[in-house]
There are 2 protein chains.
Amino acid sequence: MPKRPTIVDVAKLAGVSKATVARVVNGQHDIVSQETQKRVVDAIDKLGYERNSIAGSLRTDKTFMIALSIPDITNPFWPEVTRGVQDTLETSEYAVVTVNSDWDAARELKYLRMVRRNRFDGLIINPTDASSTYFRDMEVPIVLLGSGNGYAGYDSVGSDTESAVQIALDYLYSLGHRRIALIAGLSARRKNTSRYHSYVAFLARNQLKLDPELVVHGDFSLQAGQDAMRQLLSLPHPPSAVFAANDIIAIGAMQTAAAMNWRIPEQISIIGMDDIYMASTSLPPLTTIAKPKYEIGVEAARLLLARLEYGDDLPIRAVRLPCELVVRGSTAPPAEMTSRL
Amino acid sequence: MPKRPTIVDVAKLAGVSKATVARVVNGQHDIVSQETQKRVVDAIDKLGYERNSIAGSLRTDKTFMIALSIPDITNPFWPEVTRGVQDTLETSEYAVVTVNSDWDAARELKYLRMVRRNRFDGLIINPTDASSTYFRDMEVPIVLLGSGNGYAGYDSVGSDTESAVQIALDYLYSLGHRRIALIAGLSARRKNTSRYHSYVAFLARNQLKLDPELVVHGDFSLQAGQDAMRQLLSLPHPPSAVFAANDIIAIGAMQTAAAMNWRIPEQISIIGMDDIYMASTSLPPLTTIAKPKYEIGVEAARLLLARLEYGDDLPIRAVRLPCELVVRGSTAPPAEMTSRL
DNA sequence: GCCCTGAATGAGAACGTTCTCATTCAGGGC
DNA sequence: GCCCTGAATGAGAACGTTCTCATTCAGGGC
C-alpha cells in the first residue's frame, strides 16, 4: 500500500513551502496570491492529498470529536435525542461517539477516561447518580441531559416535566375524570418524586382527595405497567383514568386492561409520557405528553458549541423545553362504571 | 488551565528516559526492572499523567476509532444492531462513531471522507446503492451490513431472509391458511423482490395459485401498511392471513383491520418481520420473524476485528445469521369468513 | 535614489508519542 | 584479568500538521 501524500509532497510538487500549502488548505485564501493558490490546488488534486486531522489535532489540541453518553440506545427514548445531537454537531464538523452507560457508574467512568485519553473536545451526558465527583477533572466542556439537579456549574437541557404533568392531569379533569390514578416510576429516583408532587398539587388545586390506593409504584418497564394496572382494576372502586409515568408503563397498562376485557378509552382512559414511536402504533394509539426529544438533542449540542466557542465567558444555562399534549385514542370522557360488561 | 503532564514530565520526575516510561505505559513490564517500574508508576500517579492517544495515533497510524454508517438510528431496527457493534468493539478498546446516511448517497460520501480524514481504522456500513465505487479508495477494512450483493470483495453480515420468509409462510399454512396475502416493500429494491420470490416459491411448493390481487406493494411505512390492508380487506374474497415485509407495515395493517372492525387474529391473521420492540407492545402482540439484530452487530464487529488483525490473509466471509419465528397473538387458524360481524 | 510599508512567502520549532539503535554494565566463562 | 553476552536503559529521529518569526520584494512617497 503506497504511503498517502502529505503536505510536504504537495509543497514539493507545487514548488512552495508547506506553510503556504497549509494556508491554502485551511482556507486563508486572502493571504495567498491567486497564482500560488492555483498551483497548490492543482498539486493537491494531482496527488489526491487529504489533510491528516490526527496530526492537526496534535498541534492544535482540538480533535473535533464529541462524546455522547446515554443510558442505552436501545431504549426508545434515546435514538431521537441522539439524532438531534448528531445532526447539530455535524454541521460544525464534529464527529459524535455515542456510548451506553447502562446506568452503571463504573461503565460511565470508563467512558469519561476515554474522553480524556482521546482528547475529545466535549461531552454531552445523561449522568448516573455517581458521576458528579468525576466531572471535576474533565477539563472539557460538559452539557447535561436532564434536570441537572445535583450538578451545579454545568449547562443542562431538559424538558419541563412538572408543567407537563399538570397539562396531562388537567386534560383528564377537563374530560370529566375525577378518579385519576398515578402509576409512578421508581420512587427512589428524583424525577418520579417530582411527578408525584405534581400529582398531589393537581389534586389539591381541584379539591380532590388523595386516595393512596390510586398511586402505584414500579420501575419503567412494560411489566411494571401490567402489574400496576391489574392492581388498579381490581380495586373495589377502580379509577376512570390512569396517568402513567412513561409510555412503556402506559402500554403495559393498556395490555392488561385489554386482557381483563376493559375497553379503552370507553371504560378506562390512559395517558402516557414521552411520546416514543410506539405510542402511535399501539392499539388504541396512546394519548401522551410529547417530550421534545430531538430538540433536546439539538439544544444540548448548541449549548456545547457555544461553550466550545466562548468558554467560561458565557453564564451557565439550564434550558427547559416545553412538552406538549398529544391526544390520540386512549382517552375519552368517563363512562358510567355500571356499563361495564 | 495548567498544561497536562506529558511523558517527558513523568520521565523527568522518575529520573528515567521517556522511552522507559513508554515501555511501562504500554505494558512491556518484562523489559523494565521492578525497581524502575515502581519509580515510573509513582511518578505517573503523582502527576496524574494520562497517555495522549492522539500523539500515539500520529506515530502508529492507528486511531482505534471505527465508523458505523446506518440509514437512521431513529428507525427501530438499528439501535440494537448499533448496540451489538458498540459492545463488541469496546471490549477491544475501539470507539465507535455512528452516522446516519438517511439513504442519501451524498451524505454517505461525506462520511466516507470523514473516515479518511480522521484516519479511522475501519468502517461498518449498510451502504446506499451508490456507494460501491467509492469504496475502492478507502484504504481501510470495510464490513457490510446486509446481503453484500453488488459489493464483491468485502466481508458482510446479514440475515437469512429467504428461508425466514419460508418459515413464516409455512407457519401460516400449518395453521390452515390457504389464502395468504403479501404486503411487499418497495419493488424497486432488491431485498423485497427476494421476498416476493420466496412467496411465489411457497405457493408453487404447496400447489397454491398466485392471485395477483393478494400482492400489494408499498414502502416500509405505517401508512403503506394501512393502505395495503384497506385494499386487501375490501376485496370480494379477502385473504385469511397477511404476511407483511416488516413489522411497521404489519402494525399499520393491524390498525386498519381494527378500524374496519376485523378481529385479529380470529378473523384475520397477520405476521410481520424484524421483531422490533414495538412488535411485542402492539395489541394484539405481533407474530413475526425475529431478525438477530444484536447478533448482526456483534458479528459485523467481529469480522472487522479479525480483518484489522490479519488483513488480507483472511478469506472474504459472508455471514448469514438465521431468523426465528416468534409466535404472539396476531395469528390463529382461519375462521369461517361468514362469521364476520 | 533612498527609505518605508505591507503583501507574499519561507524556515523551522513544536505538539507528545513510538521505536530503532546505541550504550552501559553486571556476571559468567575461560 | 579479559572477553562475551544479554539485560536494562537512553538518545534522538520521526509521524504530519500549525504557527511564529523572519525574509524577500514591489511600489509609493519624498
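What you see is a predicted model; the values in this text were computed from it and never measured. Below, chains carry the letters A, B, ... as their sequence lines are ordered, and counting in each starts from 1. Hydrogens, waters and symmetry mates play no part in the numbers below; they use all other heavy atoms, side chains included.
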Donor-acceptor pair present, A:Arg119 side chain and C:dG16 base, under 3.5 Å = no
Would you call A:Lys46-A:Asp9 a salt bridge at under 4.0 Å N-O?
-> no
Side chain of B:Asn52: nearest nucleotide among D:dG10, C:dG16, C:dT18?
-> C:dG16
Among the candidates D:dT17, C:dG10, C:dG16, find the nucleotide nearest to the side-chain atoms of A:Ser17.
-> C:dG10
Among C:dT9, C:dG16, C:dT17, which is the nearest nucleotide to the side chain of B:Arg51?
-> C:dT17
Could you work out which one of C:dG10, C:dA13, D:dT9 sits closest to the side chain of A:Lys18?
-> C:dA13
Spacing of B:Arg39 atom CZ relative to D:dT9 atom C1', expressed in whole Å | 11 Å
For the side chain of B:Thr60, counting heavy atoms from C-beta on, which of C:dG16, C:dC19, D:dT17 is nearest?
-> C:dC19
Whole Å only: how far is the CZ atom of A:Arg23 from the P atom of D:dT17?
-> 15 Å
Below 4.0 Å: OP1/OP2 of C:dT9 and any side-chain N or O of A:Thr36 = yes
Would you kindly give the CG-to-C1' distance between A:Leu58 and C:dT18, to the nearest whole Å?
-> 12 Å
When you check the gap from the basic side-chain N to the acidic O, do A:Glu35 and A:Lys38 get nearer than 4.0 Å?
-> no
Salt bridge check: are A:Glu50 and B:Arg116 linked by an N-O gap of less than 4.0 Å?
-> yes
Measure from CG on B:Asp61 to C1' on D:dA14 and round the result to the nearest Å.
-> 13 Å
Identified stems (criterion: three or more consecutive Watson-Crick or G-U pairs, under 3.5 Å), DNA chain C = C:1-30 with D:1-30
Would you call B:Asp155-B:Arg317 a salt bridge at under 4.0 Å N-O?
-> no
Starting at atom NZ of B:Lys62, determine the distance to atom C1' of C:dG16, rounded to an integer number of angstrom.
-> 19 Å
Looking at the side chain of B:Ala19, which of D:dT17, D:dC19, D:dG10 is the nearest nucleotide?
-> D:dG10
Which whole-number value in Å describes the distance from A:Asn26 CG to C:dT9 P?
-> 16 Å
With distance as the sole criterion, do the side chain of B:Arg59 and the base of C:dT17 form a donor-acceptor contact below 3.5 Å?
-> no
For side chain to side chain donor-acceptor pair (under 3.5 Å), just list the numbers for A:Thr128 and A:Glu108, CA-CA rounded to whole Å, side-chain angles, deciding distance to a tenth of an Å, and then say yes or no.
-> CA-CA 8 Å; A:Thr128 69; A:Glu108 187 178 79; 3.1 Å; yes
Base, sugar-phosphate alone, or nothing: which one does B:Val16 contact when heavy atoms must sit under 4.0 Å apart?
-> sugar-phosphate
Nucleotide D:dC15, atom C1' - distance to CZ of A:Arg4 in whole Å = 14 Å
Options D:dG12, D:dG16, D:dT18, nucleotide nearest the side-chain atoms of A:Thr6 = D:dG16
Do the charged groups of A:Arg83 and A:Glu80 touch, with an N to O distance under 4.0 Å?
-> no
Which of the following nucleotides, D:dT18, C:dG10, C:dG16, is nearest to the side chain of B:Ala55?
-> C:dG16
Phosphate OP1/OP2 of C:dT9 contacted by A:Ser33 side-chain N/O (<4.0 Å) = yes
Does the pair A:Asp87 and A:Tyr294 meet the rule for a side chain to side chain donor-acceptor pair (under 3.5 Å), with working shown?
-> CA-CA 10 Å; A:Asp87 289 352; A:Tyr294 187 82; 2.6 Å; yes
Separation of atom CD1 in A:Ile7 from atom P in D:dT18, rounded to whole Å | 6 Å
Going by the ring-ring contact (aromatic ring centres under 6.0 Å, His included) test, which pairs reach into residues 38-67 of chain B, not counting sequence neighbours?
-> B:Phe64-B:Tyr94
